Every structure is written in structure tokens, then in C-alpha cells.
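Every heavy atom of this structure was used, including side-chain atoms; hydrogens, water molecules and symmetry mates were not. In this chain, residues are counted from 1 in sequence order. Nothing here was measured: the structure is a model prediction, and the numbers come from that model.
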Amino acid sequence: MPDSSNKIKKVLLYVSICTNIGILFVFKYLFFFTSSIEGLLKFFDLNIIESGNTAGSYNFNQILLPVGISFYTFQTLSYTIDVYKGKVLPEKHFGVFALYVSFFPQLVAGPIERASRLIPQLKRKINLNIPDIKKGLILMAWGFFLKVVVADRLGLYVDAAFDNPDSPHALSLVLGFIFFSFQIYYDFSAYVSIAIGAAKTLGYDLMANFNRPIFSTSTSQFWQRWHISLTNWLRDYIYAPLVRKYKFSRVTAVLIVFIVNGLWHGANWTFVIWSLLNALLLIIEIGTLKTRNKIFNFLNFPKKFVSFCGWFIVIGYLFSSLIFFRSPSITHALTYYKNMFNFGSLHINILNNYLELFISITLIIIVQTIHYYKGNSKVYELVTHRTKYVRYSMYVGYILIIVLFAINRQNTFIYFQF
């Protein structure tokens, strides 16, 4: 009887996994898959698809993508696998399970919560907690500032630079990819603050999903700080089984994980290349760790100097890899890279507004200073630890900043597309 029960559980596990992945594939990857196969056939002159019946003629790209499908697919997959492994008990109340899957503060862009952490919170009685409400509102306000004042302002330059990859002004292209790196950094940081703040005002604690990744001194550290819930999910449900159960080498497992990571971010080969570039640096780090430590110890380099060099190389490399992330095609990205090193003109020719450029750089410095000292989760201490009159002055100042400096671009968060 136990063997029969285990077989049934395994069958139900596979049905659940295949159903979830199947739905995600149809909505997000069907057009990408069919068009890639068609392109491959044409490359080898094996165009067996009749004229008029191409992938594009099926209008797969016209399928509306459900909001947040990547996030709640991974969330339900983790629930199913954890129940199968006995890590959590199956939730018998459908309403509680539905709320776990569709909890609105983190539905569209994470964090990807585990059932063991969120479901118990959803089942407990919530009492009014004024300090938590204040913290939540401050976190939300900080997120809105990062989004509409900083990230969207940088987006103006980013759009102009990436719309013109053939620009002869190399510094404009360099500025464009640097600003995009900060744009997506603040955009995601903003959403995390808003999601955690909104949940906190309701009496719930979401997991930390962003921890100053720009101060990382290694690729592994960066991914432990950027989109923490996604990194942990990929580690626990893909990397660990591949290495422990199926005996894949660490390098192969890393490559598979980062291919999944790239496709998760978007149905385009540019995302896969971007992710594999991250994997390449991570593999080099892992493979050379002992050798590098021996060299550093032999040369007796100061730890701060080694950390700074690591930070400079890692952040410079990862930021430049984001050109693939932002580009609509591989050709576009390669053109951008090529012209970025064409220093025939040292003129920064983006928007021709140097006041806005100065404001953008100043905002980056201010936000990075705050992030360095307070991180993403304790920024409310800048307000709550002040006297009443200072607090209210800060509230008024915040309103003025939003009114005077907010950029009305009607832009959604970058991670909404995933």
C-alpha cells in the first residue's frame, strides 16, 4: 500500500509540474520556440513549412501574457514540490491557498514566497500595528521616489541611447548602458520596497528580495543579493537536485540554472546570452578561487584592495552584460558594443539637457549613499528616528520632490514583463 501511495504522489507531482510549466510555455514561450525552430530550419535550408504557414502567421505573439505568470508559476511549483517532499503540509482551505498564490503585494514581481513562510501568516489573526503601518508607508514612499523620480528619469537617457546604437558618440552609449544598469537597479529596488511596505501595512512580512547588490565583490555575492527569492528558488529546485540527485558537475548545473534564469527573464536569446555571460564569470570565479587566494596571500595584498578590485571587475562586467538584457536583438546589442568603443567624438549627445544629466548623477550619488548606510529594508529609520517636527518637514519635502521632479512616462516596472 505505501508503494502504491508513493506512486500516486509521484504521478500527481509530475502532473502538477507539467501543467504549471505547460501553461507558462504556451503563454510566454510558444512564439519564441516556434520562431526559433523556423529560423533554424531556414538556416540549414530545411524550410519544410509551407508558405503562409509560418510561426508568425499563427499569431502566437498576440497571446496576452497573464500578469505575473512567471512569479506565481514558480511559487506554485515550489508548493507542490515541498508538499511532495513533506516539507509542508498540504493546505486544505482553498481560499488560503488561492490567497497564497495571488497575494497582491508580491503577485506581479515577487518576491517568490515559500508556502512554509507565507501560508502560516495568512492563517493567523492580524492585529492593528501602528509602527508597522508607519514603516510600511515609508517603505512604499521610498519605492515611489526611486521609481518615478530616479529610475524613470534615467530611463529617458536609456531609451535615447538604445534607440540609436549606431550613434558616433561613444560616451553617449557608455552613459546609456551605465544609466540602464542604475535604472533597472532602482526600478527593482523600488518595487521590492513597495511590495514589502504594502504587505507590512496589512500585517504581513515578505522576505527580503534585494540587499545592495551593487556593493558586491563577486558574482556569487551579487546573485545572493539581487532578486534573492529567485536565486534561492533556482538553487533549491534546479541546482541542488542536478548536483546531488542526478550527479551533474557544478559547471553543467550552473550553466543549466543560468539558461533557465535567462529564459525566465524573457523569451528572447538576448536574455539567454546575458545570463550565460553571468554564468561564465561565476564559473571562472569558482574555478580560480584557490589560485587567486594563494596569489593574493603571496603578494600580501590588503583585503580592502582585493575587495575593491573584485567589486570594480564584477560590477563593470555585469553592468556591461546588461546591454544584451536591454537590446531587442543580438544584432542590436553587438552594434551597441561596437560603437561604444568608437571614440571619434567625446561629446555626450543624449537629450542635450545637461541640467537633467547633472540631476540624474546627483540622485544616483544620494541614493547610493542611503543604500550604503541603510540598505533597502531599513530606510524608514531615516524618518522614524527623527523628532516630530523634522519628520513632518521631511514629509512636506517628499511631496515637493514628487511634484517637482517626478517623471510622467507612464512606465510600468521593468520586472512586470516577466
Is the number of heavy atoms from other residues, nucleotides or ligands within 6.0 Å of CZ (R244) greater than 12?
no
Between Y239 and F248, ring centroids under 6.0 Å:
no
Closest approach of P111 and Q106, non-hydrogen atoms and distance?
O-NE2, 2.7 Å
Aromatic centroids of Y380 and W142 separated by under 6.0 Å
no
More than 12 non-hydrogen atoms from neighbouring residues, nucleotides or ligands closer than 6.0 Å to CZ on R235, yes or no?
yes
Sequence neighbours excluded, the answer for side-chain hydrogen bond (donor to acceptor under 3.5 Å, both in side chains) partners of R292 is T288
Please check this pair: side chain of S320 against backbone of Y317, looking for a donor-acceptor N/O pair closer than 3.5 Å.
yes
side-chain contact (heavy atoms from CB on, under 4.5 Å) evaluation trace for V379 with L139:
CA-CA 7 Å; V379 70; L139 285 173; 3.7 Å; yes
Test item: D187 side-chain N/O and A151 main-chain N/O as donor-acceptor pair under 3.5 Å
no
Would you please say whether a donor-acceptor pair under 3.5 Å links the side chains of W269 and S36?
yes
Could you check whether any side-chain heavy atom of K123 comes within less than 4.5 Å of a side-chain heavy atom of E91, counting everything from C-beta outward?
yes
Once the angle between the rings of Y157 and F179 is folded into 0 to 90°, is it parallel (under 30°), tilted (30 to 60°) or perpendicular (over 60°)?
perpendicular
Validation row: L263, N268 side chains within 4.5 angstrom (heavy atoms):
no
Centroid separation under 6.0 Å, is that true for the rings of F188 and Y191?
no
Verify the ring-centre separation between F324 and F271: is it less than 6.0 angstrom?
no
Between P105 and A198, what is the shortest heavy-atom contact and its length?
CB-CB, 4.2 Å
I need the full list of side-chain hydrogen bond (donor to acceptor under 3.5 Å, both in side chains) pairs touching residues 328-339, with sequence neighbours left out, sorted by first then second residue.
S327-H332
Step-by-step ring-ring contact (aromatic ring centres under 6.0 Å, His included) determination, F319 to F180
CA-CA 8 Å; F319 272 22; F180 175 67; 9.6 Å; no
Nearest-0.5 Å distance that lies between atom CD1 in I196 and atom OG1 in T201
12.0 Å
Residues which pass side chain to side chain contact (heavy atoms under 4.5 Å, CB included) with L255, listed by chain and number, not counting sequence neighbours:
V251, L276, A279, I283
Can you tell me which residue among V83, T80, I81 is in a side chain to side chain contact (heavy atoms under 4.5 Å, CB included) with S16?
T80
Identify, with sequence neighbours excluded, every residue that meets side-chain hydrogen bond (donor to acceptor under 3.5 Å, both in side chains) alongside T231.
none
With K28 as the cation and W264 as the aromatic partner, state whether NZ or CZ is under 6.0 Å from the six-membered ring centre and within 45° of the axis.
yes
Heavy-atom pair with the smallest gap, counting every atom of G262 and S275:
N-OG, 3.5 Å
Do T73 and N20 have a side chain donor and acceptor closer than 3.5 Å?
no
Could you tell me the separation between the CD1 atom of I286 and the OG atom of S218, rounded to the nearest 0.5 Å?
10.0 Å
Check the orientation of Y185 and W226. Use parallel for under 30°, tilted for 30 to 60°, and perpendicular for over 60°.
tilted
When you measure from the side chain of R117 to the backbone of E113, do you find a donor-acceptor pair of N or O atoms at a distance under 3.5 Å?
no
Would E285 and L282 satisfy side-chain contact (heavy atoms from CB on, under 4.5 Å), going step by step from the backbone distance to the final call?
CA-CA 5 Å; E285 281 184 1; L282 179 59; 4.1 Å; yes
For K87, does its backbone N or O pair with a side-chain atom of D82 as donor and acceptor, under 3.5 Å?
no
Exam field: side chain R386 to backbone R391, donor-acceptor pair closer than 3.5 Å
no
Strictly distance-based, threshold 3.5 Å: is any side-chain N or O of R153 a donor or acceptor partner for the main-chain N or O of F405?
yes
May I ask you to decide if Y372's main-chain N or O and R212's side chain share a donor-acceptor pair within less than 3.5 Å?
yes
Are the side chain of Y84 and the backbone of K9 linked by a donor-acceptor contact shorter than 3.5 Å?
no
Calculate, to the nearest 0.5 Å, the distance between atoms CG and CG belonging to L230 and L234 respectively.
4.5 Å
Heavy-atom side-chain proximity of F177 to L322 below 4.5 angstrom
no
Atom OG1 of T219 and atom CD of Q224: how far apart are they, to the nearest 0.5 Å?
10.5 Å
Could you walk me through whether I323 and F162 satisfy the side-chain contact (heavy atoms from CB on, under 4.5 Å) test, starting with their C-alpha distance in whole Å, then the side-chain angles of each, then the deciding distance to 0.1 Å, before giving a yes or no?
CA-CA 9 Å; I323 292 173; F162 279 86; 4.2 Å; yes
I need the F258 CZ to W274 CH2 distance, nearest 0.5 Å.
8.0 Å
Please verify the inter-ring angle class for Y398 with F145; under 30° counts as parallel, over 60° as perpendicular, anything in between as tilted.
tilted
Parallel under 30°, tilted from 30 to 60°, perpendicular over 60°: which one fits the rings of F97 and Y79?
tilted
Please name all residues satisfying side chain to side chain contact (heavy atoms under 4.5 Å, CB included) with W233, sequence neighbours left out, ordered by chain then number.
F74, L77, S78, I112, R114, Y237, I238
How would you list, by chain and number, every residue that makes a side-chain hydrogen bond (donor to acceptor under 3.5 Å, both in side chains) with Y186, sequence neighbours excluded?
Q368
Go through the steps to decide whether F210 and H227 satisfy the test ring-ring contact (aromatic ring centres under 6.0 Å, His included), and finish with yes or no.
CA-CA 6 Å; F210 190 89; H227 212 324; 9.5 Å; no
